[in-house]
Amino acid sequence: MVPNHYGYQNNPFGMGLPVNQDADESYFLSLPEETQQELLKQNFSEQEFHDQLEQLKEKR
């Protein structure tokens, strides 16, 4: 298993991984580094992190 931002990829049980992980990760990585750093400092839960990314998408 390969560690990533959310826990472990390729988890055979799918535990702890959001359904839209790939889309969130791709969008997050497309953001400016300053925005990424600000999001990471917030210490969001997975759902809160997803919600923040959705809000950013709507603003663009």
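Everything numeric in this text was worked out from a predicted model, so none of it was measured.
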Exercise for the section: Would you check if there is a donor-acceptor pair between the side chains of Gln55 and Asp51 at a distance under 3.5 Å? Expected result: no
Handout entry: Closest approach of Gln52 to Leu39 (non-hydrogen atoms, all atoms of both residues)
Key = CB-CD2, 4.0 Å
Exercise for the section: Indicate yes or no: at least one non-hydrogen side-chain atom of Glu34 is less than 4.5 angstrom from one of Gln37. Expected result: no
Problem - Side chain proximity check, Leu29 to Glu25, heavy atoms < 4.5 angstrom - result: yes
Exercise for the section: For Glu33, look at atom CD and say whether over 12 heavy atoms of other residues, nucleotides or ligands are found less than 6.0 Å away. Expected result: no
Exercise for the section: Tell me, with the steps shown, if Lys57 and Asp24 meet side-chain contact (heavy atoms from CB on, under 4.5 Å). Expected result: CA-CA 10 Å; Lys57 285 179 190 177; Asp24 281 353; 4.2 Å; yes
Problem - His50 side, atom NE2; Gln47 side, atom CD - distance, nearest 0.5 Å - result: 6.0 Å
Practice task
Could you grab the distance from atom CG of Asn43 to atom CZ of Phe49, nearest 0.5 Å is fine?
Solution key: 11.5 Å
Problem - Derivation and outcome, side-chain contact (heavy atoms from CB on, under 4.5 Å), residues Phe28 and Thr35 - result: CA-CA 9 Å; Phe28 175 77; Thr35 304; over 6 Å; no
Problem - Main-chain N/O of Ser45 paired to Glu48 side chain as donor or acceptor, under 3.5 Å - result: yes
